[in-house]
Amino acid sequence: MAEHGRRRWRLVLTASPLQGHMSPMLHLATFLHSKGFSITMAHSDLNRPDPLNHPGLTFLPLRDNLSATADFAGAGQFLQTLNDNCRPHFQHHLVQIIDSQKEASASEKESIVVIHDNLMFFAGSVAADLGLPSIILRTSSASFFPAINIIPQLLEQGRFPVQGPNNQILDNEEIVSELHPIRYKDLPFLCTPIEQTLKTINMIITKKPPSAFLWNTFEFLEPTGLTHIRDHYQVPVFSVGPLHKIIPTHSTSFHKEDTSCISWLDKQAPRSVVYVSLGSLANVDEKISTEMAWGLANSNQPFLWVVRPGLVKGFEWFEFLPEDLVNQMKMRGLIVKWAPQKEVLAHSAVGGFWSHCGWNSTLESMFEGVPMLCQPFELDQKVNCRYLSDVWKIGVEIVAERGEIEDAIRKVLVGKEGEEMKQRAIEIQEKVKVAISHGGSSHNSLEAFVDYILSL
Ligand code: UDX
């Protein structure tokens with residue numbers, strides 16, 4: 001139990017039921033527990049973490065009344081329902097703890113701090129109502145913040161979305177002058193109706209600053225984004241990434257990992273395999289996935305492809321692919337439903353990661369020094385893709401068309417350009433390792449965060 005003078009601490013954490021949010025929160029919870037804090041991990045009923053994988057943490061399932069088929073894609077409505085439904089139970093739990101403290105002896109009294117992700121905004125509001133400090137863990141890139149923060153202003157000035165003569169939305173290559181090197185086409189909500197965009201931004205951007213932020217990134221990688229955030233919020237911002245490397249934890253995965261792919265990777269030549277995964281949320285249509293399949297088959301490189309059930313709209317798995325194509329693919333590749341991604345990226349056979357550029361996938365790839373093929377969809381992914389290809393220069397942007405895919409795979413895995421990307425990826429990997437080691441920026445930042453909690 002962390003104590004400061006005579007005080008004891010209970011940290012109540014909660015993250016939204018999305019893989020890319022829950023995993024970093026569980027890593028943070030494990031770290032804070034190792035520092036002696038008592039931890040309660042509140043979570044929605046949908047996509048529960050497995051308590052058996054996290055001994056020492058107390059789990060609090062919140063009655064969310066969400067169905068297993070909840071539409072994550074309809075972000076605004078889903079988030080509102082999630083927050084409305086989780087709030088009463090969460091509040092009731094905190095009130096119970098506070099009431100129980102009234103009878104507790106001085107040595108048993110606990111100070112409570114709430115830590116939540118930006119999507120579980122009800123937790124910050126409950127904390128404010130009860131007079132408790134709250135801290136937000138942000139699981140997306142720091143560079144994404146200025147890009148989303150500027151959208152209301154661009155909408156007001158009529159600069160976004162960029163429209164053609166018939167009001168069609170243009171994939172505009174022009175750079176947003178305030179956001180170099182981000183182009184208009186890299187901004188989120190490009191094709192979302194304006195009202196819905198504003199509503200969603202209002203929900204996820206955090207208008208009233210919490211006591212502090214934790215950001216799953218590192219100082220050397222995103223100095224401009226972090227400066228923007230600090231100037232904007234004027235509260236402490238601790239950059240503590242990559243959280244998955246700070247402390248070992250058991251699996252944080254909602255899905256069962258197919259570990260058979262590791263023995264398959266063992267049989268492949270070093271740096272020969274392209275690993276393909278579009279994360280836990282993205283959906284593609286049949287046409288795009290068929291192009292992806294042809295691109296992989298024609299590249300003549302071995303590949304490991306995660307086809308998550310539900311990834312392809314309207315289909316169970318990949319049953320729509322023509323039989324001769326599947327046979328051709330099986331000669332070189334392996335398709336699984338869910339992979340132990342961190343282990344895969346750490347495998348010496350993997351030479352490239354074809355990704356949707358979710359922030360966790362990006363950090364995991366960076367930590368292993370693996371160059372990327374970038375196929376972003378929404379939210380922060382297009383901004384991450386732009387940074388990967390244009391700033392950090394460890395990725396190439398791809399369009400899901402078989403010829404382009406084939407070229408891009410060769411470029412990254414066997415070409416001179418790929419070799420240069422690999423060198424830069426290794427340089428970044430070295431810097432990340434320094435950041436998380438004793439005396440490094442993320443390590444120091446986490447230690448400073450612990451002191452910060454103790455000072456509250
Ligand atoms: C979402 C958003 O899409 C992303 O843009 C945002 O940055 C975070 O929230 P998601 O789409 O799930 O996340 O992508 P990502 O952030 O990359 O997280 C996916 C996680 O699932 C990674 O930690 C990855 O290791 C894991 N994963 C993915 C597996 O363990 N196995 C798989 O087969 C695929």
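Numbering of ligands and ligand atoms starts at 1, following listing order.
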message: Within ligand 1, which atoms have a heavy atom of Asp380 less than 4.0 Å away?
response: 4 (C), 5 (O), 6 (C), 7 (O)
message: Using the rule given for side-chain contact (heavy atoms from CB on, under 4.5 Å), can you reason through Leu243 versus Phe31, listing the C-alpha separation, both sets of side-chain angles and the distance that settles it, and then say yes or no?
response: CA-CA 9 Å; Leu243 280 168; Phe31 168 77; 6.0 Å; no
task: Show which atoms of ligand 1 fall inside a sub-4.0 Å distance from at least one heavy-atom site of Tyr275.
output: 32 (C), 33 (O)
message: Against ligand 1, does His244 come closer than 4.0 Å with any heavy atom?
response: no
query: Hey, do the aromatic rings of His232 and Phe145 have their centres closer than 6.0 Å?
result: yes
message: Using side-chain contact (heavy atoms from CB on, under 4.5 Å), reason through Glu368 and Glu364 one step at a time and then give a plain yes or no.
response: CA-CA 7 Å; Glu368 302 304 340; Glu364 290 160 15; over 6 Å; no
message: Testing the 3.5 Å rule here: is there a donor-acceptor pair between the side chains of Thr217 and Glu222?
response: yes
Check: Val126 and Val114 side chains under 4.5 Å, non-hydrogen atoms: no
- line: In ligand 1, the atoms that come under 4.0 Å of a heavy atom of Gln19 are 20 (C), 21 (O)
query: Can Leu379 be said to touch ligand 1, with heavy atoms closer than 4.0 Å?
result: no
Protein contact to atom 3 (O) of ligand 1 [nearest heavy atom, distance to 0.1 Å]: Gln381 NE2, 2.8 Å
message: Return the closest protein heavy atom for atom 14 (O) of ligand 1 as residue, atom name and distance.
response: His356 NE2, 2.9 Å
Ser23 heavy atom under 4.0 Å from ligand 1: no
Contacting atoms of ligand 1, where contact means under 4.0 angstrom from a heavy atom of Ala339: 29 (C), 30 (O), 31 (N), 32 (C), 33 (O)
